[in-house]
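Just so we're on the same page: letters track the sequence lines, and every chain starts at 1.
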Amino acid sequence: MNASAPGWSVLARGEAHDVIVIDVTGSGVETARRNCSFAELSRIIVDAPSTHRWVWDDTPRWYPALLDAGIEVARCHDLRLCHAILRDSALVTDAAALRDAQAWSAPADAGTADDALFALDDDPRGVPDAPEEVIVEFARQQAAVASACDPERLRLLLAAESAGALVAAELHAAGVPWHAPTHEAILAETLGERPRGTALPSIVQSRADEVRAALGDPTASLDSQPKLLRALHRAGVPARSTSRWELAEYDHPAIAPLLVYKKLTRLLSANGWNWLSEWAADGRFRPTYVPGGVVTGRWASSGGGALQLPRQLRPAVRADPDWTLIVADVAQLEPRVLAAMAGDTALADAARGTDLYEGIVAGGVVTTRQEAKIALLGAMYGATTGDSGRLVPALRRAYPRAMALVDDAARIGEEGGVVSTWLGRTSPPPSGRWRALQAQASDADAGADDDTAARRSARDRGRFTRNFVVQGTAAEWALAWLADLRTRLAALPDVPPAEAAAASGPIFSRRAHLAFFLHDEIIVHAPRSQAEDAAAIVRESADRAARLLFGTFPIDFPLDLRITQDAAKD
DNA sequence: AGTGCCTGCGCG
DNA sequence: AAAGCGCGCAGGCACT
């Protein structure tokens, strides 16, 4: 390889455990091919310029092993993720070849995360990794991009999505610094001392006793929804469900301790001592992130409930000694994205300060911040009734362009069409079942029930496509933020070995690194000496993401950012 | 014993 | 059953 020329290399798996490195031009023309060992591959990657792009079937099958060996990859093209985008994108004029290549439509498989590359058993349930198939798929994708009506946007999306795959692997490798003693203290204070065996912690048991006493039913089951419902009925509480919101409606002495009991058992079962020993025993919480796991382009996760960490446990996210956390989230990401997409300067004006909702109040559209918030959420989610639905018309008058964008997306969805994000991720077409339901309702002999069901499913789909364009574009903004952030953090110098945070692994123990990501929020774990630099990078990356997506349109994405020891909200 | 659905609740 | 989007997970339960 000519180390000075930015380029592309396709990586594939050869016989036994060797790797086939195929140098290609950006348009997919093959220029050189060779076999190598893992050690040789590591050397090739380290020696390549940072602009070189590594093309591979599936990031979780390559990158974890490289990270373990201390090798970082600057740029990649993840064929599985990009296939899914290109196959469905409305920007692509001819996706037939991609749709025919069904082997590339394998869903993300968390089981490939830790083992697949160089594993002894090769039972790849995922996408193909043989050289010929990988090369052909790459060529298909390059052709699809070239044929698109806006190739640059798609290239941006594919690069961002692939960078996200790298970030996901890095987040897993580095982990969230987790302070078990703090977690245990929260559990002890909230639930009571950890019991032996299967007994309930003392405070949980006390609340259960109170509920049963108030019900006059010493054997009432509190954990089985149907049994609890019957016990409530016997005690004169005619609830139809056992959800918190409904139970709170009733005035009965069992309700208050029951609501507490439910809250405590939730903490116990979701993030109790078992969770701690299973997921954070070594001082790091390492969830498996699943880039592209949500149709809108958001990430999903599997294992440990990474995307549901209760705020209550945030204090347990704590920097290592001599390190700090930079905790940053975007204020009102989705409405800002909507303003920019729609070119709605009135909404962008409202967003000018730090609080978009206050901006809407200041514009006289509604009278309180709370109203502004539920109105805007209602507009993006498709609320039609209640407080939210009532306030939406005021928004429609004040911000006609933004509202037209989401209203159009909803109408298209109701009619069975597809909608796209800013960079070209396109919603899936309606299912056969959905189309059949609509067709049935328009039959001459359709009954009123058919009609009702069809209208309802049409509106359901409209709310989905309405939200898709906003949620999906917000996810693109977040990917752009992450991509720039990881690159710039990677350029920070290593700190002296004495300051290393050993649990973060061979790469991330020595400099600031991403530790957590959740839709519109990131946590960076940084040596104290790098905290200010890293925080500046976090802010600058947000600005660069805004410009990358929306150019000169006057919208900003202010961060709530703090440099702290732990992630508790202060 | 394994599966798949339902309810409920955590997160954005 | 929080009006309205997107998720994951635990526990119970009905089914095979």
message: Which is more 5' along DNA chain C, the nucleotide nearest A:E278 or the one nearest A:R463? Just name the residue.
response: A:R463
- line: By nearest-heavy-atom nucleotide on DNA chain C, the more 5' of A:H519 and A:S243 is A:S243
[X]-[Y] side chain donor-acceptor pair, cut-off 3.5 Å:
X: A:S162; Y: A:D78; answer: no
X: A:T465; Y: A:S427; answer: no
X: A:S206; Y: A:E210; answer: no
X: A:Q370; Y: A:Y357; answer: no
X: A:Q438; Y: A:S457; answer: yes
X: A:R87; Y: A:S105; answer: yes

Which part of the nucleic acid, if any, lies within reach of [X] when heavy atoms closer than 4.0 Å are counted: base, sugar-phosphate only, or nothing?
X: A:R240; value: base
X: A:G303; value: sugar-phosphate
X: A:Q471; value: base
X: A:L377; value: nothing
X: A:L333; value: nothing

query: Between which nucleotides of DNA chain B, read 5' to 3', does contact with chain A run, using atoms under 4.0 Å from its heavy atoms?
result: B:dT7 to B:dG12
Closest approach to the side chain of [X], judged atom by atom: which nucleotide of [options] is it?
X: A:Q308; options: C:dC5, C:dG11, C:dG8; value: C:dG8
X: A:A300; options: C:dC13, C:dC7, C:dA1; value: C:dC7
X: A:R266; options: C:dC13, C:dC9, C:dG4; value: C:dC9

From [atom1] of [X] over to [atom2] of [N], roughly how many Å is that when rounded to an integer?
X: A:L307; N: C:dC9; atom1: CG; atom2: P; value: 9 Å
X: A:N274; N: C:dG11; atom1: CG; atom2: C1'; value: 14 Å
X: A:R466; N: C:dA3; atom1: CZ; atom2: C1'; value: 13 Å
X: A:K227; N: C:dG11; atom1: NZ; atom2: C1'; value: 12 Å
X: A:E371; N: C:dA3; atom1: CD; atom2: P; value: 18 Å
X: A:D460; N: C:dA3; atom1: CG; atom2: P; value: 14 Å
X: A:W275; N: C:dG8; atom1: CH2; atom2: P; value: 17 Å
X: A:L267; N: C:dG11; atom1: CG; atom2: P; value: 12 Å

message: Check for me whether A:R80 meets the cation-pi criterion with A:W104, that is, NZ or CZ under 6.0 Å from the six-membered ring centre and within 45 degrees of the ring axis.
response: no
- request: With A:R461 as the cation and A:W434 as the aromatic partner, state whether NZ or CZ is under 6.0 Å from the six-membered ring centre and within 45° of the axis.
  value: yes
- prompt: Hey, can you pull the residues of residues 383-419 of chain A with a non-hydrogen atom under 4.0 angstrom from DNA chain C?
  reply: A:A383, A:T384, A:T385, A:S388
message: Looking at A:R286 and A:D282, is there a salt bridge between them, counting it only when a charged N and a carboxylate O are closer than 4.0 Å?
response: yes
field: A:R311 bridged to A:E521 by N-O distance under 4.0 Å
entry: no
- prompt: OP1, OP2 of C:dG6 versus side-chain N and O of A:R298: anything below 4.0 Å?
  reply: no
message: Using a 6.0 Å cut-off, check whether atom CZ of A:R352 has over 12 heavy atoms from anything other than its own residue.
response: yes
For B:dC6, the Watson-Crick or wobble partner whose two distances fall under 3.5 Å: C:dG11
field: Rounded distance in Å between the P positions of B:dG8 and C:dA1
entry: 6 Å
